[in-house]
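Convention: sequence-line order gives letters A, B, ...; per-chain numbering from 1.
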Amino acid sequence: GAVVSQHPSRVICKSGTSVKIECRSLDFQATTMFWYRQFPKQSLMLMATSNEGSKATYEQGVEKDKFLINHASLTLSTLTVTSAHPEDSSFYICSARTPVGSREQYFGPGTRLTVT
Amino acid sequence: GQQVMQIPQYQHVQEGEDFTTYCNSSTTLSNIQWYKQRPGGHPVFLIQLVKSGEVKKQKRLTFQFGEAKKNSSLHITATQTTDVGTYFCAAPGGGADGLTFGKGTHLIIQP
């Protein structure tokens, strides 16, 4: 089956710094990837849709200047949390959908961000 | 925007008992998907339902999609400890088929 990887799996950073998270589709090309955020014991919330070669589409309430998304190739999307604050601490999960066939989304293993 | 309501939030069962989680939407859904997330893990796709009244089975798991395509359920027969985790329903609702997730049902099994 399709495999999606994320790097890093865990990151701790100081308040005010920026953190970049990578999402890769390892064995298929993904024109569209999605970024979700999950707080402890809560559900996944869609943050944005990452489109290869064009600007990301952000969900209502998500600051595009704070969460920078770049989908530079058909296998890589990055999420940069700029000027991170403790309230940004969360589990960030990406997913990718194969361009043809089922609408199944393949999720990455997630990145746990802790901002101190 | 799209909302998917899921109940119950938590379910404690004895091993061997059955378990059911329900999802409800106020709007007609094009499809509904079910995911399982183990503690500390990421969501893993279980199934997608598309047709009105559809019923699909995977071993001890039975998935149903309502006739009006507004509700769905996941039923597990004779739960095992390996079934522990959070079960989410999800439906297209974000941009370009991003998913709107229900709040999830945390299944806790007592041996």
Open item on the list: Tell me whether Lys20(A) is salt-bridged to Glu22(A), with the criterion being a basic N under 4.0 Å from an acidic carboxylate O.
Closed with: no

TODO: Using non-hydrogen atoms and a 4.5 Å limit, figure out which bit of Ile93(A) sits close to chain B: side chain, backbone, both or neither.
DONE: side chain

Task: Pair Thr105(B)-Thr21(B), side-chain donor/acceptor within less than 3.5 Å - done: yes

Task: Contact class of Gln38(A) relative to chain B, heavy atoms under 4.5 angstrom - done: side chain

Open item on the list: If you count heavy-atom pairs within less than 4.5 Å of chain A, which of Pro39(B), Gly102(B), Ala90(B), Gly104(B) leads?
Closed with: Gly102(B)

TODO: Under the side-chain contact (heavy atoms from CB on, under 4.5 Å) rule, what do Thr78(A) and Cys23(A) come out as? Steps first, then yes or no, please.
DONE: CA-CA 6 Å; Thr78(A) 60; Cys23(A) 177; over 6 Å; no

- [ ] Below 4.5 Å from any heavy atom of chain A, which atoms of Gln37(B) appear? Answer side chain, backbone, both or neither.
- [x] side chain

Task: Sole candidate of Phe91(A), Trp35(A), Tyr36(A), Phe34(A) that passes ring pair (Phe, Tyr, Trp, His ring centres under 6.0 Å) when paired with Phe107(A) - done: Tyr36(A)

